[in-house]
Amino acid sequence: MNPVPDESALTYDVARDALDRATTMLGLNAEHAELLGPLGDNAVFGLRGDVVARVSTGDAAERAAREVRIARWLESVPFPAVRVSPATPDPVEAAGCVVTFWVYVREIRQASPSELGQFLRKLHAIPTPPAGIVEPFEPFTRIAEHIESATGLANDEQDTLRSIHDQLRQQYHDIRFEENPCVIHGDAHRKNIVRDHSGTVLMLDLERACVGPREWDLIVAAVYRRVGWYTAQDYVEFVEAYGRDVTTWPGFETVASIRQLRMIAWLAARTGREPRFIPEVRARLRSLPEGGGIPHSWRPGV
């Protein structure tokens, strides 16, 4: 496989070429494939026959294989999550990318704060998987790579991100988690925990799923409150559903800042090919050092 150099190269044309080649190899029809959501680390396409194709680049081959392993394990538990397409169960390498195929989840909507809290409580209670299914928890995975890909920013802005990244890595070593590690989603935001047409709440995007500190999943709702994406009442409903308020935990500020840095770096990596995001990245970057529970105002939907 000849990998595409980095995620900044994942344009629509690159992803579509990989999709066309992969589906041709498998005898699938991608003629009317529809891009679902924005281009980021991955491009997700809806195909005919209730199949979704996920196209990734760079070092994604092992990540894709791991995601498929996790999905199969969750199906065996069983636990509600996106399922691998039975007709195409293995990742396919094509045009320097890797393509995985999934069962299309119809008529999804974002889980409510209460549904999210209930879902995470159930997820954190399931038995841990056998060895070899998941990777160890790593909160800083790919943040540095995203910062280096942030070519739409000025050099000093990238330097600021690097400095914050280094500071948070140092601070993270002093954190003490209060409970034993458990199965976590790893990226439990509102587009990844959804309700389908039947009313089932399930999780999508299993790339970050692992055994790790439950605080990492809980921090997302608290950060949503901080950046203005959840109201105070939304957060109360989440806490009541889960049964714990992570903002009272001594490690909260550091882990919340790591989560916010991840959100900024991910968006910053898109600025080279989508300069329209530069003002939002700069606004988010200015808000990060404030901390201290001060509400920010980030623009959602990007």
Side-chain angles (χ1 to χ4, degrees), residues 1 3 7 22 26 40-42 44 51-94 97-105 108 111 116-143 145 172 175 177-189 191-194 196 200-220 242 255 258-259 262 266:
M1 180 178 181
E7 273 73 29
L26 296 170
D41 295 345
N42 312 286
V44 180
V51 175
V52 169
R54 194 165 187 252
V55 182
S56 308
T57 64
D59 61 351
E62 175 51 35
R63 295 202 317 273
R66 181 172 68 249
E67 191 170 10
V68 167
R69 289 197 305 269
I70 294 168
R72 288 173 176 160
W73 171 72
L74 288 168
E75 187 170 9
S76 73
V77 171
F79 192 82
V82 63
R83 304 303 189 203
V84 178
S85 173
T88 50
D90 298 313
V92 177
E93 296 180 0
C97 296
V98 60
V99 186
T100 51
F101 295 88
W102 304 85
V103 175
Y104 179 58
V105 182
I108 63 173
L116 177 59
Q118 293 171 6
F119 183 88
L120 291 179
R121 179 164 48 82
K122 293 175 183 177
L123 174 65
H124 295 168
I126 67 174
T128 56
I133 300 294
V134 299
E135 295 292 312
F137 172 68
E138 172 47 68
F140 295 95
T141 297
R142 305 183 74 200
I143 292 180
E145 288 85 346
Y172 181 75
I175 290 178
F177 294 100
E178 295 179 346
E179 301 182 68
N180 291 330
C182 64
V183 176
I184 64 173
H185 181 277
D187 196 17
H189 63 71
K191 292 182 181 179
N192 281 342
I193 311 298
V194 300
D196 71 8
T200 300
V201 178
L202 71 156
M203 58 186 188
L204 311 177
D205 192 357
L206 308 178
E207 184 177 323
R208 305 283 179 223
C210 64
V211 175
R214 65 200 70 206
E215 289 88 352
W216 183 251
D217 276 353
L218 300 181
I219 221 80
V220 177
Y242 186 86
V255 177
I258 294 170
R259 179 70 200 184
R262 174 173 292 283
W266 178 83

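By convention here, the first residue in the shown sequence is residue 1.
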Minimum heavy-atom distance V183-H124, with the two atoms named: O-CD2, 3.2 Å
Answer yes or no: is there an ion pair linking R259 with D217, defined by an N-O contact shorter than 4.0 Å? no
Taking the side chain as every heavy atom from C-beta outward, state whether I193 and V201 have any atom pair closer than 4.5 Å. yes
Verdict with supporting geometry, I258 and I219, side chain to side chain contact (heavy atoms under 4.5 Å, CB included): CA-CA 10 Å; I258 294 170; I219 221 80; over 6 Å; no
Shortest non-hydrogen contact between V211 and F137, atoms and distance: O-CB, 3.7 Å
Check whether any side-chain heavy atom of F101 sits under 4.5 Å from a side-chain heavy atom of V84, and report yes or no. no
Compare all side-chain heavy atoms of E207 with those of N42 and state whether any distance is below 4.5 angstrom. yes
Report yes if some heavy atom in the side chain of W216 is under 4.5 Å from a heavy atom in the side chain of R208; otherwise report no. no
Does a side-chain heavy-atom distance below 4.5 Å link V82 with V52? no
Out of the candidates H189, R54, H185, K191, only one should pair with D205 under the side-chain hydrogen bond (donor to acceptor under 3.5 Å, both in side chains) rule; please name it. R54
Shortest non-hydrogen contact from L202 to F119? CA-CE1, 3.7 Å
Taking all atoms of both residues into account, what is the closest heavy-atom pair of A94 and A22, and its distance? CB-N, 3.9 Å
Would you check if W266 and D41 make a side-chain contact, meaning some heavy-atom pair closer than 4.5 Å? yes
In terms of heavy-atom contacts, I184 and L123 come closest through C-CD2, 4.0 Å
Let me check something: any side-chain donor-acceptor pairs from residues 69-79 under 3.5 Å, sequence neighbours excluded? List them with distances.
unit_1 : atom_1 : unit_2 : atom_2 : d
R69    : NE     : G132   : O      : 3.1
R69    : NH2    : E62    : OE2    : 3.4
R72    : NH2    : P89    : O      : 2.7
R72    : NH2    : D90    : OD1    : 3.1
S76    : OG     : W73    : O      : 2.6

For the atom pair CD (Q118) and OH (Y242), what is the distance rounded to the nearest 0.5 Å? 13.0 Å
Return the minimal non-hydrogen interatomic distance between V134 and C210, and the atom names on each side. CB-CA, 3.9 Å
